[in-house]
Amino acid sequence: MLDPLDRSASAEAKQEHYKQVAASIHALLEQETDWTAALATVACELHHAFAYYHWTGFYRVVRPQHLKIGPYQGTHGCLDIPFQRGVCGTAARSRQTQLVPDVEQFPGHIACSSTTRSEIVVPVLNPKGRLLAVLDVDSNDLAAFDAADQVALESICAYLGERFADQIVL
Ligand code: SME
C-alpha cells in the first residue's frame with residue numbers, strides 16, 4: 001500500500017500518485033467479477049492513499065431514484081439518499097461530477113459528519129449511460145479537491161462502469 005499523499009504535494013506528485021493508485025486498483029481487480037468486492041477494494045485503496053480523504057465510498061442505485069450506502073471507509077454515513085437530496089443525489093440526478101469546495105455553500109448538503117468541509121461525488125455510469133452508483137469522497141479540509149482529483153476519480157469510475165457494465169440497474 002502507498003504512503004498517504006497530503007495536500008502540500010506538488011501537482012506532478014499528485015498526478016503520479018493517482019497513476020499508481022489506479023495501477024494498483026487495476027491489478028487487484030484484474031480477475032475480479034464481484035461488484036461488491038470491487039467497490040470495497042476501490043474504497044480501501046483510495047481512502048488510505050490520500051491524507052486529506054476523510055470518508056471514501058459508494059452509494060449504489062438499489063431502486064429507482066434511490067441510493068444505498070456502501071461499501072465505504074470512514075465513520076458512518078447516511079444509509080439512504082434519495083436522488084432529490086444532497087450532493088450525492090445531485091450527482092446521481094445530473095450524472096455529472098459534483099465538486100464542492102465548501103459544503104456549507106451547497107444547498108441541501110447532507111451533513112453525515114460535522115467535520116466535513118468539502119467533497120467530490122462522481123457518478124459510476126456503464127458504457128450505455130446507465131447509473132450504477134456514485135463515488136463520494138469527503139474531506140475535513142476546505143477546498144480539498146481540484147481538477148486533478150476529478151480527472152483521476154472519473155477515470156477510476158469509468159473503469160468500474162466498463163468492468164461491471166452488466167451490474168443490475170433500475
Ligand atoms: N455529503 C453527502 C452525504 C453522504 S455522506 O457525507 C457520507 C451528500 O450531501 O450527499
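Computed from heavy atoms alone, side chains included, the values below leave out hydrogens, waters and symmetry copies. We count ligands from 1, going down the list as the structure has it; atoms in each ligand are counted the same way. Nothing fancy with the numbering, it's 1 onward along the sequence.
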**Q** Atoms of ligand 1 less than 4.0 Å from C88 heavy atoms?
**A** 8 (C), 10 (O)
**Q** Which residue and atom name correspond to the protein heavy atom nearest atom 3 (C) of ligand 1, and how close is it?
**A** I110 O, 3.6 Å
**Q** Under 4.0 Å from ligand 1, counting heavy atoms only, is it the side chain of R85, its backbone, both or neither?
**A** neither
**Q** Heavy-atom distances under 4.0 Å are what count here, so tell me which part of D138 touches ligand 1: side chain, backbone, both or neither.
**A** side chain
**Q** Below 4.0 Å, non-hydrogen atoms only: which portion of Y59 touches ligand 1? Side chain, backbone, both or neither.
**A**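 Y59 to ligand 1: side-chain contact only, backbone stays beyond 4.0 Å.
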**Q** Could you check whether the rings of H17 and F50 sit parallel, tilted or perpendicular, using 30° and 60° as the cut-offs?
**A**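 H17 vs F50 ring planes: perpendicular.
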**Q** Could you tell me which atoms of ligand 1, counted from 1 in the order shown, lie closer than 4.0 angstrom to a heavy atom of H109?
**A**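 So the atoms of ligand 1 that pass are 1 (N), 9 (O).
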**Q** Measure from the side-chain N and O atoms of D149 to the backbone N and O of A152, and report whether any donor-acceptor pair falls under 3.5 Å.
**A**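 Here the side-chain-to-backbone pair does not exist.
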**Q** Pick from S8, S139, P4: which one makes a side-chain contact (heavy atoms from CB on, under 4.5 Å) with Y52?
**A** S139
**Q** Please list, in number order, the atoms of ligand 1 under 4.0 Å from a heavy atom of W55.
**A** 7 (C)
**Q** Considering residues, nucleotides and ligands other than Q15, do more than 12 of their heavy atoms fall under 6.0 Å from its CD?
**A**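 No - once you tally the heavy atoms of other residues, nucleotides and ligands closer than 6.0 Å, there are 12 at most.
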**Q** Can you tell which of V137, V121, D136 gets a heavy atom nearest to atom 4 (C) of ligand 1?
**A** D136
**Q** Check whether any side-chain N or O of S24 sits under 3.5 Å from a backbone N or O of Q20 as a donor-acceptor pair, and report yes or no.
**A** no
**Q** Which residue supplies the protein heavy atom nearest to atom 1 (N) of ligand 1, what is that atom called, and how far is it?
**A**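 Checked against all protein heavy atoms, atom 1 (N) of ligand 1 sits closest to E119 OE2, 2.8 Å.
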**Q** Which residue and non-hydrogen atom of the protein lie closest to atom 5 (S) of ligand 1, and at what distance in Å?
**A** C112 SG, 3.2 Å
**Q** Would you list the atom pairs, donor with acceptor, under 3.5 Å between side chains in residues 99-111 and any protein atom, with sequence neighbours excluded?
**A**
unit_1 : atom_1 : unit_2 : atom_2 : d
D102   : OD1    : E104   : N      : 3.0
H109   : NE2    : E119   : OE2    : 3.1

**Q** Is a donor on one side and an acceptor on the other found under 3.5 Å between the side chain of W55 and the backbone of T75?
**A**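 Answer holds: yes.
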**Q** Run the side-chain contact (heavy atoms from CB on, under 4.5 Å) check on T115 and D138 step by step: do they pass?
**A** CA-CA 9 Å; T115 60; D138 298 348; over 6 Å; no
**Q** Got an N/O contact under 3.5 Å between V87 and ligand 1?
**A** yes
**Q** May I ask whether T116 has any heavy atom positioned less than 4.0 angstrom from an atom of ligand 1?
**A**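 Heavy atoms of T116 never come under 4.0 Å of ligand 1.
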**Q** Counting each atom of ligand 1 from 1 as listed, which ones have a heavy atom of G86 under 4.0 Å away?
**A**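 Contacts of ligand 1 toward G86, numbered from 1: 9 (O), 10 (O).
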**Q** Donor-acceptor pair, distance only, cut-off 3.5 Å: does the side chain of Q31 make one with the backbone of L29?
**A**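 It does not hold such a pair.
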